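These numbers come from a predicted model, not from an experiment. Throughout, a chain's letter reflects where its sequence line sits, starting with A, and its residues are numbered from 1.
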Amino acid sequence: MPELPEVETIKNDLAQAILNKKIVSVKVNKKNILRKSVRYFKNKLIGNKFIKINRRGKLMYFSLRKDDLFLLAHLKMTGQFIYCNKDKFIVGGHANSKKEEEQILHGQVADFCQVGKYTRVIFEFSDKSKLFFNDLRLFAYLDLVNKKSLDEILDKFGIEPLTANFKFKDFFNILQNRKTSIKAVLLNQQLIADIGNIYADETLFMAGILPNRPANKVSSKEARKLFLAIEGILKKAIKYRGTTFSDYVDSKGKKGSFVKLLKVYGRQGQKCLKCKNIIEKTKTANRGTHFCSSCQK
DNA sequence: CTTCTTGTTACTGA
DNA sequence: ATCAGTAACAAGAA
């Protein structure tokens, strides 16, 4: 489940790998992963180059040199970008065997850099390197839009953590104006971008706030703790190249290591690392929610 | 067989 | 008009 740290990791890796390389072919194995026609994608992409990659929330957008166009990529839950250079193949995505899974896990050079069962789109560059866009559930998408459409899409996102726009005053103001659960507010991309189910639970644990607390009942002091937890945890998770739970791998096919640092997510039934209470799991905001009822109030 | 998984959005009702 | 809550989406795991 890629959230900010995972998308940021992929974006940075890809920027080092594919920028300013001529796109020589685009192969589409599943056309409904595209929000425009296959013909339009091929037409606009082949012969073009990606010159910059940005991220807003969990959405990546690639600037193209020609035509004032942008490639949008959303990974949703199970999307992956896997980059393979000409000789050393680093394969990610959905392993087709136990052996492949081991190779991916250990980041080994694999001998099976090929189209997998869930590979939906393959970009090939002039240096013979390839970029695979994989997705198991077909929720992920690629789109090709102009500047105007891009701006309309970007405008819908809420405040962006880890930027100068992420100010406590605005953050607290959002919380005070919402009666719904604090977790629902954290997950709402139009209010605060980037946070998904894993980091919502982790930041709430660090701040000592129960996920089902009404947002407008969170005190200024608690909100400040949460604000700092969001910055701290997201930054740290980027350092660890993200969290892998089920499908996430970076563009080199490697899993993120932040999973070792998770305090509550996926730890239901286990002892709280702070107080030894048992971590509970319930549903808040329609999502699996993990918390310690002793550390969080 | 049923239930659960998640990011996002469509829909419903207040 | 705005907000809140739920279901739906896909496809697999348990």
Side-chain angles (χ1 to χ4, degrees), chain A residues 1-8 10-11 29-35 55-61 72-81 93-98 100-101 116-121 133-143 152-158 160-161 173-204 211-218 234 237 242-249 255-256 258-259 262 264-269 280-290:
Chain A
M1 298 74 82
E3 303 176 35
L4 180 147
E6 294 76 33
V7 180
E8 183 70 17
I10 292 168
K11 185 205 84 178
N29 287 356
K30 192 85 181 174
K31 61 175 190 268
N32 46 346
I33 207 107
L34 307 179
R35 292 198 169 173
R55 177 188 60 72
R56 179 79 165 99
K58 301 165 193 163
L59 179 72
M60 275 179 274
Y61 55 100
L72 307 185
H74 203 303
L75 303 173
K76 293 286 180 89
M77 280 94 73
T78 55
Q80 306 171 329
F81 267 125
H94 302 271
N96 295 311
S97 69
K98 257 282 182 272
E100 290 184 1
E101 197 177 304
K117 191 173 166 190
Y118 305 112
T119 302
R120 311 304 186 182
V121 181
F133 186 62
N134 300 337
D135 184 43
L136 184 149
R137 293 190 199 175
L138 300 175
F139 279 10
Y141 67 85
L142 296 177
D143 201 353
E152 282 168 11
I153 291 163
L154 298 184
D155 280 349
K156 289 191 186 140
F157 284 95
E160 181 76 35
N173 193 33
I174 288 167
L175 300 195
Q176 286 190 302
N177 286 311
R178 299 284 148 159
K179 288 186 214 155
T180 187
S181 65
I182 181 69
K183 173 150 177 175
V185 172
L186 290 182
L187 293 177
N188 187 334
Q189 303 298 300
Q190 299 187 40
L191 300 176
I192 299 153
D194 292 301
I195 299 170
N197 210 28
I198 296 175
Y199 296 109
D201 284 3
E202 292 299 311
T203 52
L204 286 167
N212 61 359
R213 282 263 304 281
N216 59 357
K217 296 277 179 6
V218 172
L234 292 180
T243 300
T244 290
F245 225 80
S246 56
D247 295 287
Y248 168 75
V249 288
K255 301 192 177 203
F258 193 76
V259 65
L262 295 178
V264 287
Y265 188 89
R267 295 197 64 248
Q268 63 272 24
E280 297 168 52
K281 183 175 180 189
T282 55
K283 224 165 201 179
T284 297
N286 251 326
R287 288 288 170 256
T289 298
H290 316 71

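The CD1-P distance, from I153(A) to dG7(B), rounds to 19 Å in whole Å. Rounded to whole Å, atom P of dA11(C) lies 9 Å from atom CG of D135(A). Separating the CG atom of L186(A) from the P atom of dG7(B) is a distance of 13 Å, rounded to the nearest angstrom. Residue L191(A) contributes atom CG, which lies 13 Å from atom P of dG5(C) at whole-angstrom precision. Here dT5(B) presents its C1' atom at 14 Å from CD of E3(A), a figure rounded to the nearest Å. The distance from atom OH of Y265(A) to atom P of dC4(B) is 14 Å, rounded to the nearest whole Å. A straight line from CG of N197(A) to P of dT5(B) spans 9 Å, rounded to a whole angstrom. The NZ atom of K179(A) sits 10 Å away from the P atom of dG5(C) (whole-angstrom rounding).
In summary, the side chains of N212(A) and T284(A) do not present any donor paired with an acceptor at a separation below 3.5 Å, with no hydrogens or angles considered.
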Give the C-alpha distance, both sets of side-chain angles, the deciding distance and a yes or no for side chain to side chain donor-acceptor pair (under 3.5 Å) between T289(A) and K283(A).
CA-CA 5 Å; T289(A) 298; K283(A) 224 165 201 179; over 6 Å; no
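In this model, the phosphate group of dT6(C) is not approached by any side-chain N or O of K283(A) to a distance below 4.0 Å at OP1 or OP2. Listed pair T180(A) / dG5(C) meets the phosphate criterion, a side-chain N or O lying under 4.0 Å from OP1 or OP2.
N286(A) comes within 4.0 angstrom of a nucleotide base, judged by non-hydrogen atoms across all strands.
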What's touching nucleotides 8-10 of chain C from the protein side, N or O pairs under 3.5 Å?
| residue | atom | partner | partner atom | Å |
| --- | --- | --- | --- | --- |
| dA10(C) | O4' | R137(A) | O | 3.1 |

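Counting only heavy atoms from C-beta on, K281(A) has its side chain closest to dT5(B) among dT6(C), dT5(B), dA4(C).
Inter-residue side-chain proximity for L75(A) and K58(A) is flagged as unmet; no heavy-atom pair is nearer than 4.5 Å.
Between E202(A) and R267(A) there is no salt bridge, since no side-chain N of the basic residue sits under 4.0 Å from a carboxylate O of the acidic one. Taking a cutoff of 4.0 Å between a charged side-chain nitrogen and a carboxylate oxygen, D135(A) and K76(A) do not qualify as a salt bridge.
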Solution key, residues 174-182 of chain A side-chain donor-acceptor pairs under 3.5 Å, sequence neighbours excluded:
| residue | atom | partner | partner atom | Å |
| --- | --- | --- | --- | --- |
| N177(A) | ND2 | N173(A) | O | 2.9 |
| N177(A) | ND2 | N173(A) | OD1 | 3.3 |
| S181(A) | OG | A184(A) | N | 3.1 |

Could you write nucleotides 9-14 of chain B as a row of B, S and -, 5' to 3', where a protein heavy atom under 4.0 Å of any base atom gives B, of only sugar-phosphate atoms gives S, and otherwise -?
------
